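Data first, discussion second: the structure below is written as structure tokens.
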Number of protein chains: 2
Amino acid sequence: MNSEAKSYDFLGDVSGPGRGGTTARVVEAIREAIVSLDLPPGTQLDKAALCTRLGVSRFPVSEALSRLQAEGLVEIRPQSGTIVARIRLADVRENLFIRRALEAEAVRSLAGTCRADLLDSLRRNLRYQKAAAEAGDRKGFHVLDLAFHDIIFQALGFERVKAMVESARLGLDRIRRLLSSRRRHELTFQEHEAVLQALAAHDGEAAARAMVAHLDAVMAELLTLAEAQPDIFADQARTQGLAT
Amino acid sequence: MNSEAKSYDFLGDVSGPGRGGTTARVVEAIREAIVSLDLPPGTQLDKAALCTRLGVSRFPVSEALSRLQAEGLVEIRPQSGTIVARIRLADVRENLFIRRALEAEAVRSLAGTCRADLLDSLRRNLRYQKAAAEAGDRKGFHVLDLAFHDIIFQALGFERVKAMVESARLGLDRIRRLLSSRRRHELTFQEHEAVLQALAAHDGEAAARAMVAHLDAVMAELLTLAEAQPDIFADQARTQGLAT
DNA sequence: AGCCACATTCTAACATGCTAGTATGAATTC
DNA sequence: GAATTCATACTAGCATGTTAGAATGTGGCT
């Protein structure tokens, strides 16, 4: 049974200074491992091994897995086992729905009152994006992409909204890894720029439209990818639980 | 110190059939107590008393409180204590933002493809709403109000979105209790009807506008109420942590 | 009298032990 | 040989024990 060692070497360090925050760090470590595909979809998680590897007890691990289940990254089968959630097309759609709704409303709501320093931050970010896209720096571009959206939510000041969007984005990141391409970077850059333009013009509706267009473009590519690599997806047609 | 008994009599029963789901039931019980204002904002929670009252150990209670913190209903002060979150104006704004974004996008996305049975369900619900409003049945109307929004998300089929909206709505329910009035019911009914009209006409944008108008109307009343009863709110101006 | 240091006490966070439910595989029966 | 039943091993969920940190109140000091 335990033919594979399950050493979980790739997991980050969770040793913290004081007492508090252990659970949060465990969440972070496992989430990172899942999103980076070090833990591929469908992998069974050995809780005991996780505890020994991270040097913590089962309490924080249990709670961490529970939260990750809420985020849709793992699937807990009661009394049976916990596995890394397979990527379901329905989840991809849902996560993109969440991002479309919240991010569009964010820019719509910001356009009217957005301050100059916000625009400046976005402009600076886009300059870096352009450079990263031209240099073909995939990882750098990804970081800047995240930062672009983060800047917007920072300006909005809604912590829970930000957390929700981040959660939705993480649910998509496992696929995005496979999607990252130079052409996509250039397109993303242009789409981001359109958002900025609309924000600068204080046109909320246009900003929302630009954001939706951006996310829909990503969605379209993800779906194309899904067609090409059906093996990493679970249950395309059945058990999707669409409204009856 | 323990001059008050802290009997927590109002808490519902959490005894379940089998082994699983205890934590979920504890969450439900405490959440209900908070939303119904049996546990007023600012109340300190006695974890041990909760355990004895509910007949469970500290494990499910801890996890339940942790989840409720994520929902913004309680505030955990490390090593110090847990209190029922005071209602912050910023949270009200955030929760309404979430609802506006997700519910508007929901009806926008549904308008194009909405099926006849969905419209029928909504129509039936609105007939009941009208009856409840005219009869002055506050509790009944509230239930129907929830059902109206639930029907929409049921049709959408996105579980996590539904959970997010529900969480946001619960964060607002503590105030809504104080706001529930006959006039508000009539207005709500009319606003709901506008949403239905637009859905029936397959006009997504109009449906979204109607939904936003509905939620904004609620928001306006909540803010008016906030002015009138500032005592239940915490820190109007300071420590709101708006983007610096 | 006002202020500061210290100790007590309370709490959440963490570790560990235990139980029940599930799945798997082997043995038995048809 | 195939299907079914039973035993075993494994897992999540729950209970309980332990520890570290924070608030508060008290005593001494200025």
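Throughout, protein chains are lettered first and strands after them, A, B, ... in sequence-line order, and every chain is numbered starting at 1. Note that the structure is a prediction, hence the values are computed from the model and not measured.
The distance between atom CD1 of B/Ile83 and atom P of C/dA12, rounded to the nearest whole Å, is 12 Å. Distance A/Glu75 CD to D/dA12 C1': 14 Å, rounded to the nearest Å. The CD-C1' distance, from A/Gln79 to C/dT19, rounds to 9 Å in whole Å. In this structure, CD of B/Gln44 is placed 7 Å from P of C/dT11, rounded to the nearest angstrom. The interatomic distance linking B/Lys47 (NZ) with C/dC14 (C1') rounds to 11 Å, in whole Å. In this entry the distance linking CG of A/Leu65 with P of D/dT11 reads 13 Å, nearest Å. The CG atom of A/Leu45 sits 17 Å away from the P atom of D/dC10 (whole-angstrom rounding). As a whole-Å value, the separation of A/Asp46 CG from D/dA12 P is 8 Å.
Here the nucleotide nearest the side chain of B/Thr23, chosen from C/dG17, C/dC14, D/dC14, is D/dC14. With distances taken from any side-chain atom of B/Ser57 to the nucleotides D/dA15, C/dT16, D/dA12, the minimum falls on D/dA15. For B/Arg58, the side-chain atoms get nearest to D/dT16 when compared with the rest of D/dT16, C/dT11, D/dA15.
No side-chain N or O of B/Ser109 forms a donor-acceptor pair with one of A/Arg100 less than 3.5 Å apart. A donor-acceptor contact under 3.5 angstrom links the side chains of A/Glu63 and B/Ser66, judged on distance only.
Two residues, B/Thr82 and A/Phe59, neighbour DNA chain C, and the one matched to the more 5' nucleotide by heavy-atom proximity is B/Thr82. Each of B/Gly55 and B/Pro78 has a nearest nucleotide on DNA chain D; the 5'-most of these lies closest to B/Gly55.
A/Thr22 has a side-chain polar atom (N or O) that falls below the 4.0 Å cut-off from OP1 or OP2 of C/dC14. Contact annotation: B/Ser62 does not reach the phosphate of C/dA12 (side-chain N/O to OP1 or OP2, under 4.0 Å). Between C/dT22 and A/Ser80, no contact under 4.0 Å exists linking OP1 or OP2 to a side-chain N or O.
The side-chain hydrogen bond (donor to acceptor under 3.5 Å, both in side chains) contacts involving residues 28-38 of chain A comprise A/Glu28-A/Arg31, A/Arg31-A/Glu71, A/Ser36-A/Asp38, where partners must be two or more places apart or lie in separate chains.
Under the side chain to side chain contact (heavy atoms under 4.5 Å, CB included) test applied with B/Pro41, the options B/Ile34, B/Ile87, B/Ile83 reduce to a single match, B/Ile87.
At a cut-off of 3.5 angstrom, the base of D/dG21 holds no donor-acceptor pair with the side chain of B/Arg77.
Evaluation of the side-chain contact (heavy atoms from CB on, under 4.5 Å) rule for B/Ile151 yields B/Leu118, B/Ser121, B/Leu122, B/Asn125 as partners, not counting sequence neighbours.
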